[in-house]
Amino acid sequence: MARHLITSAIPYINGIKHLGNLIGSQLPADLFARYQRARGNDVLFLCATDEHGTPAELAAAKAGKPVADYCAEMHKVQADIARRFRLSFDHFGRSSSPQNHALTQHFAGRLAENDLISEVSERQVYSIADGRFLPDRYIEGTCPNCGYDKARGDQCENCTKQLEPTDLIDPRSAVSGATDLEVRETRHLYLRQSALKDALNDWIDSKTDWPVLTTSIAKKWLHDGDGLRDRGITRDLDWGIPVRKGTEDWPGMEGKVFYVWFDAPIEYIACAAEWAEANGLTEADWQSWWRTDKGAEDVRYTQFMGKDNVPFHTLSFPATIIGSGEPWKLVDHLKSFNYLTYDGGQFSTSQGRGIFMDQALELLPADYWRWWLLSHAPENSDAEFTWDNFQASVNKDLADVLGNFVSRITKFCRSKFGEAVPSGGQTGAEEAAVVADLSERLDRYARFMEAMEVRKAAQELRAIWVTGNEYLQSVAPWTGIKSDPDQAAMQTRFALNLAHLFAVISAPFVPDASAKILTSLNVLEPIWPADLQEFLYTLGPDHPFTVPDVLFAKITDTQVEEWQARFSGGQSRKGAEGEAEALS
RNA sequence: GGCGUUAUAGCUCAGUUGGUUAGAGCGAACGACUCAUAAUCGUUAGGUCCCUGGUUCAAGUCCAGGUAACGCCA
């Protein structure tokens, strides 16, 4: 039995994610996890909320709540939506957990011992009124280049010129509008990633089976310009993991916290510790997934993420792990996705553009979204969501091809033979041909799923559904029953077993529909078809079943028009990044 | 500005290391069937593979230059 450790990029805490976020990491990760479980493998599938940093603080302030309370609430909201999308996390953790505090401090300590941490003095803008240092993007002022009065400290959005906060004319705090700003000296820790450049390069070179998208991004960061740069791992904030060297104080770092990018990926590990605690397991149990000296040498670790997250997962996080000198598991396979676009532009949290997870579920059940998103996953390039395409795909694939097949065969059987699998007849050449065809297709489907070729897997799965309709159309039991009832009974029995097959193998894509079909067919313990020939005899004569309700209602033109208007962009969820409107 | 990705049928996309008449699904037209969610199944039509030039016996595929779209720039 293979062991699969699977993590999805962890979503930021400050609001509900949109469909682009969903298909970029969590959903394909779930598909893979469900598939591996269905094949009988041992799976630990982890995800969490990424809770630290300035956006969380500001979102909490806006909501008028202490940041810890805000994060706890938003974590529940996100967990609930994930559950409703049937994301089958073994644990949905929090980067603010005690486990992550301890591990982050531990890693920092190890890195310091290995001389991979340096201390750098920096000058940063401090807002006296706010009582805090301001990150560059939270300073606003007039652009010295074009005169735009809402330029940010890192860049002017009007003329796109890159700026330093000190370039701004009449700078003010974007948090409070305060103008009493000053530049203060502050000391920060840097991770000396540059010292690990060769180690990282060798490691990435050893990954010959990674997607081009992944390696090209990693290589660019490694070799572009001056090469891999050292990165600050601390910030002058209140909300975060206090800077400590393992369990000891870190002189000169009092009152500072780790920068969110440093502690967030460590949550992948800490989340396993949270999982163990939540399930009454021991440290040895979770370490058997993460420590190659404690049982994880046979674990295959796969990460899922959007392309914007690739540098962190190929360089920064591995630098932390390699730099620790301890035998933690490094990622084996890394599956990255491009963006889903909406009406030609990006989905945007800050501009409220596109469809958000909670809104999607108000319109239609999870399976509809899961199927469309997965079968159109932005694997090789950006993919575009349009309502017309969504309607056409879902109606055709789910309602007409799969749903209608289950409906037609169960109803036919009920009307001619009653609600039990009919007996009589012997399978012949026609059925043997279907078995041969399906065996080949099932094999391809499995290979695509193993390789995480999501779109191709969906395409193959759909072709398998079509096989069922082809078979019925070809043998036409509704005609044959008049002259040879035994033959028609056998054909009906065979087709009911096909419905069973479809339910079992479709579960990773459309878990709810799959469960409904299995319930109707009275199958309590679905088992993946190892031997197809044998599997298609699972439902034998007299096995009772019921006709399921309509599995997938079609999306009407009226609905599409209404939704198109409602989500025409910018109206549904306006506001700056970090707003808590999603909570209401 | 630098860099990256992409460009194939009306639409959404496949096209392995260069190798016959460039493929699939949807949509369209026509036909078959009537068990089924007016669903299904079959047949057919539809392409200057963004442009220009180059390498080669052979280029959708490799190289150079251009054009356009999208993205990233810590």
Side-chain angles (χ1 to χ4, degrees), chain A residues 135-137 154-155 159-162 190-191 193 211-221 223-233 259 261 306-312 315-316 336 338-341 344-346 372 375-386 388-417 448 453 455-456 458-463 465-482 488 491-492 495-496 499 547-556:
Chain A
D136 292 353
R137 54 198 275 233
D154 53 348
Q155 185 179 30
C159 68
T160 75
K161 187 177 169 61
Q162 307 270 322
Y190 271 67
L191 173 61
Q193 298 185 132
V212 188
L213 180 68
T214 304
T215 44
S216 72
I217 293 174
K219 286 285 182 177
K220 188 196 153 209
W221 283 53
H223 303 298
D224 210 36
D226 303 334
L228 191 60
R229 289 191 215 166
D230 297 341
R231 288 195 68 159
I233 61 165
Y259 201 168
W261 75 260
K307 61 183 170 185
D308 51 327
N309 259 321
V310 169
F312 291 102
L315 302 169
S316 302
S336 57
N338 289 282
Y339 291 135
L340 183 68
T341 61
Q346 273 191 73
W372 190 88
S375 61
H376 294 78
E379 287 178 300
N380 295 330
S381 63
D382 290 354
E384 182 170 11
F385 178 91
T386 63
D388 287 344
N389 185 304
F390 177 67
Q391 180 193 26
S393 299
V394 165
N395 285 353
K396 192 72 189 172
D397 300 348
L398 295 183
D400 296 347
V401 176
L402 175 61
N404 182 51
F405 174 75
V406 174
S407 179
R408 70 194 289 202
I409 189 55
T410 50
K411 284 183 178 171
F412 177 75
C413 185
R414 181 175 62 182
S415 77
K416 305 296 179 193
F417 302 101
F448 287 139
E453 297 251 28
R455 288 178 92 125
K456 288 182 179 170
Q459 215 170 30
E460 197 58 53
L461 179 60
R462 186 191 186 281
W465 297 338
V466 168
T467 307
N469 284 314
E470 281 170 356
Y471 172 73
L472 277 186
Q473 201 67 31
S474 159
V475 298
W478 47 86
T479 306
I481 193 167
K482 295 164 194 159
Q491 290 161 344
T492 304
L496 284 167
V547 174
D549 294 336
V550 168
L551 287 168
F552 299 99
K554 290 208 199 188
I555 300 171
T556 64

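Naming: A, B, ... by sequence-line order, numbering from 1 per chain.
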Visitor: Take atom P in B/A22 and the same atom in B/C30, then report the distance between them in whole Å.
Guide: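 The answer is 28 Å between these two P atoms.
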Visitor: Let me check I have this right: for RNA chain B, each base becomes ., (, ), [, ] or |, based on Watson-Crick or G-U pairs with both distances under 3.5 Å. What is the full string?
Guide: (((((((..((((.....[...)))).(((((.......))))).....(((((..]....)))))))))))).
Visitor: Quick one: on RNA chain B, does A/Trp465 or A/Asp308 contact a more 5' nucleotide (nearest heavy atom)?
Guide: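 Going by which nucleotide is closer to the 5' end, it is A/Trp465.
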Visitor: Specify the separation, in whole Å, of atom CG of A/Asn338 and atom P of B/U5.
Guide: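 These atoms are roughly 11 Å apart.
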Visitor: Does A/Asn469 reach the side chain of A/Arg408, with side-chain heavy atoms less than 4.5 Å apart?
Guide: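 Answer yes - side chains close enough.
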Visitor: How far does the C1' atom of B/C63 sit from the matching atom of B/G46, given to the nearest Å?
Guide: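 Between the two C1' atoms, the distance is 33 Å.
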Visitor: Atom CH2 of A/Trp478 and atom P of B/A32: how far apart are they, to the nearest Å?
Guide: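 Those two atoms, CH2 and P, are 16 Å apart.
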Visitor: Identify which nucleotide among B/G71, B/U40, B/G42 has an atom closest to any side-chain atom of A/Glu470, counting heavy atoms from C-beta outward.
Guide: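 Selected nucleotide: B/G42.
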Visitor: Can you build the contact string for nucleotides 7-16 of chain B? Use B for base contact, S for sugar-phosphate-only contact, and - for no protein heavy atom under 4.0 Å.
Guide: -----SSSS-
Visitor: Could you check whether any side-chain N or O of A/Asn338 sits under 3.5 Å from a backbone N or O of A/Ala383, counting only pairs where one atom can act as donor and the other as acceptor?
Guide: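 Side chain of A/Asn338 to backbone of A/Ala383, a donor-acceptor pair under 3.5 Å: no, none is there.
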Visitor: Take atom CD of A/Gln473 and atom C1' of B/U34, then tell me their distance rounded to the nearest Å.
Guide: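 Checked: the CD to C1' distance equals 9 Å.
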Visitor: Specify the separation, in whole Å, of atom CG of A/Asn395 and atom C1' of B/U40.
Guide: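 That distance rounds to 15 Å.
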Visitor: Distance between the P atoms of B/C50 and B/G25, in whole angstroms?
Guide: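 Between the two P atoms, the distance is 23 Å.
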Visitor: What is the distance from CG of A/Leu340 to P of B/U5, rounded to the nearest Å?
Guide: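 Between P of B/U5 and CG of A/Leu340: 21 Å.
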Visitor: Counting only side-chain N and O atoms of A/Lys554, is one of them less than 4.0 Å from OP1 or OP2 of B/A39?
Guide: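 Answer yes for this pair, as a side-chain N or O of A/Lys554 is under 4.0 Å from OP1 or OP2.
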Visitor: Under 5.5 Å between ring centres and under 30° between planes: does that hold for A/Phe412 against the base of B/C35?
Guide: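 Whether judged by distance or by angle, A/Phe412 falls short somewhere, so it does not stack on the base of B/C35.
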Visitor: Has the side chain of A/Asn404 got a donor or acceptor that lies under 3.5 Å from a partner of the other kind on the base of B/A36?
Guide: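 When only heavy-atom distances are counted, A/Asn404 does reach the base of B/A36 through a donor-acceptor pair under 3.5 Å.
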Visitor: Look at A/Arg414 and B/C35 and indicate whether a side-chain polar atom (N or O) is within less than 4.0 Å of OP1 or OP2.
Guide: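 No.
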Visitor: With rounding to whole Å, what would you report as the distance between B/G53 and B/U44 at their C1' atoms?
Guide: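 My reading of the C1' atoms in B/G53 and B/U44 gives 39 Å.
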Visitor: Do A/Phe417 and A/Ile481 come close enough that some side-chain heavy atom pair is under 4.5 Å?
Guide: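 Yes - at least one pair of side-chain heavy atoms lies under 4.5 Å apart.
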Visitor: Examine the side chains of A/Asp397 and A/Trp372 and answer whether a donor and an acceptor come within less than 3.5 Å of each other.
Guide: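 No pair is found: no donor N or O on one side chain lies under 3.5 Å from an acceptor on the other.
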Visitor: Measure CH2/A/Trp372 against P/B/C26 and give the value in whole Å, please.
Guide: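 It is 17 Å, rounded to the nearest whole Å.
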Visitor: Using atom P in both nucleotides, what's the gap between B/A64 and B/G27 to the nearest angstrom?
Guide: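 The answer is 42 Å between these two P atoms.
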Visitor: Is the shortest heavy-atom distance from the side chain of A/Arg455 to the side chain of A/Phe448 under 4.5 Å?
Guide: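 Sidechains of A/Phe448 and A/Arg455: no contact.
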Visitor: Work out how far the C1' atom of B/A38 is from that of B/U12, and round it to whole angstrom.
Guide: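 That atom pair is separated by 25 Å.
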Visitor: Please state how far atom NZ in A/Lys396 lies from atom C1' in B/A38, giving the value in whole angstrom units.
Guide: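 To the nearest whole Å, that distance equals 11 Å.
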Visitor: 5'-most contact on RNA chain B: A/Arg462 or A/Gln193, nearest heavy atom basis?
Guide: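 Upstream on the strand: A/Arg462.
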Visitor: Expressed in whole Å, how much space separates the C1' atoms belonging to B/U21 and B/C26?
Guide: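 That atom pair is separated by 25 Å.
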Visitor: Could you measure between the two P atoms, the one in B/U5 and the one in B/G65, and give it in whole Å?
Guide: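 Pairwise P distance, B/U5 against B/G65, rounds to 14 Å.
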